[in-house]
Amino acid sequence: MGFGIGSLAEPAHQLVCNAMSPLDVSDSLTLSRPADVCTDPLSDRGLQRADGCGRIVLSGSENGTRIEDVFERSPTRILFPRTGSRPVEEAVLINTGGGVAGGDRLECSVTALPGASIAVTSQAAEKVYRALHDPARVATRLKACESARLAWLPQETIVFNGARIHRTTEIELFSGAELLALEWLVLGRAAHGEVVVRGCVLDGWRVRKDGRLIWADSFRISDEIFVHLNRKALLANSKTVSTLIYFGPYLEKRLDFLREIIPSLGCNCAATLVSGLIVVRFAAKESSDLKLALRSFLEQFGPQLGSGPFRVPKMWSC
């Protein structure tokens with residue numbers, strides 16, 4: 001597969017497992033705002049753009065996971081579907097804007113305090129529309145404190161021809177936590193026969209453990225690269241790719257199990273252990289093939305992790 005796995009390190013910082021500060025109009029996760037408004041009618045800057053964010057803070061209690069704090073700003077909405085009196089098990093993110101356009105900004109943070117157990121997913125696939133000039137910027141920040149269990153399992157992001165998106169996923173881990181995090185991209189709308197020949201995709205990960213950077217990864221496709229994507233050293237014939245990371249106990253044993261089930265997934269897949277993380281890559285020709293592979297992965301790997309959030313989200317079946 002044509003995208004590699006790397007690791008970086010930096011000096012440790014003071015270890016404080018606290019909830020994230022409130023997000024307001026003047027606060028952001030990692031994204032800078034334009035200094036002024038462009039009047040060019042052929043630019044995204046002259047159009048009204050979405051600027052949404054959401055924050056979830058959860059903790060453990062005798063009765064299960066408890067919601068400590070929720071903040072949302074349109075077009076982001078957060079729901080916690082429940083069955084009867086059962087405790088919180090899943091959070092669902094909704095983009096009421098119906099997609100992402102050039103110049104939009106969407107930010108989300110999830111903090112799982114000690115004892116919390118939560119799966120976070122999205123209501124539907126996210127769509128990234130053609131941009132005139134500016135990229136859409138999507139930032140995710142996850143924090144899993146000691147004894148917390150956090151699963152980040154959104155549905156796919158579909159990139160339309162000419163779309164521009166800069167996405168960052170920042171993860172803070174603390175000893176004793178357990179985390180499973182997934183992001184995936186689909187290039188073009190298969191039902192429309194769309195072929196993506198231009199645009200820009202930047203997808204970056206940064207993972208820290210106890211304040212120290214342990215893994216960094218970037219995936220980039222620009223206008224001049226799209227014409228070469230079919231090369232074997234890049235994506236070959238794959239139109240959809242994903243990265244999944246796992247942090248928790250018994251890593252070598254679980255890596256061996258993953259390598260045993262990979263042939264049954266029906267797509268190109270490989271797993272490795274780097275810097276105390278299991279990193280799994282997936283690639284497939286069709287998004288439906290990748291979704292089936294991911295479902296099968298979670299159905300087989302989830303039971304190995306015991307009860308908890310590491311399962312196929314209910315929203316994937318809606």
Exercise: do Tyr250 and Gln304 side chains pair donor with acceptor under 3.5 Å: no

Test item: side-chain donor near acceptor, Asp210 and Ser175, under 3.5 Å: yes

Whether Asp134 side chain and Gly102 backbone form a donor-acceptor pair below 3.5 Å: no

Identify every side-chain donor-acceptor pair in residues 185-195 under 3.5 Å, counting partners at least two apart or on other chains, and give the distances.
residue	atom	partner	partner atom	Å
Arg189	NE	Glu194	OE1	2.9
Arg189	NH2	Glu194	OE2	3.1
Glu194	OE1	Arg189	N	3.0
Glu194	OE2	Asn161	N	3.1

For the student: nearest non-hydrogen atoms of Thr76 and Gly52, plus distance: OG1-C, 3.7 Å

Spacing of CH2 belonging to Trp184 relative to OG belonging to Ser287, to within rounding of 0.5 Å: 7.0 Å

Short side-chain donor-acceptor distance under 3.5 Å, Glu286 and Ser288: no

Donor-acceptor pair between Arg141 and Thr168 side chains, under 3.5 angstrom: no

Residue pair Trp205 / Glu183, side-chain donor-acceptor N/O under 3.5 Å: no

Steps toward side chain to side chain contact (heavy atoms under 4.5 Å, CB included) verdict (Leu58, Arg66): CA-CA 6 Å; Leu58 306 112; Arg66 179 174 59 194; over 6 Å; no

Distance-only donor-acceptor hits, side chain of residues 291-298, under 3.5 Å, sequence neighbours excluded:
residue	atom	partner	partner atom	Å
Lys291	NZ	Gln155	OE1	2.9
Arg295	NH1	Ser317	OG	3.4
Ser296	OG	Gln300	NE2	2.8

Any donor-acceptor N or O pair under 3.5 Å, side chains Ser59, Glu68: yes

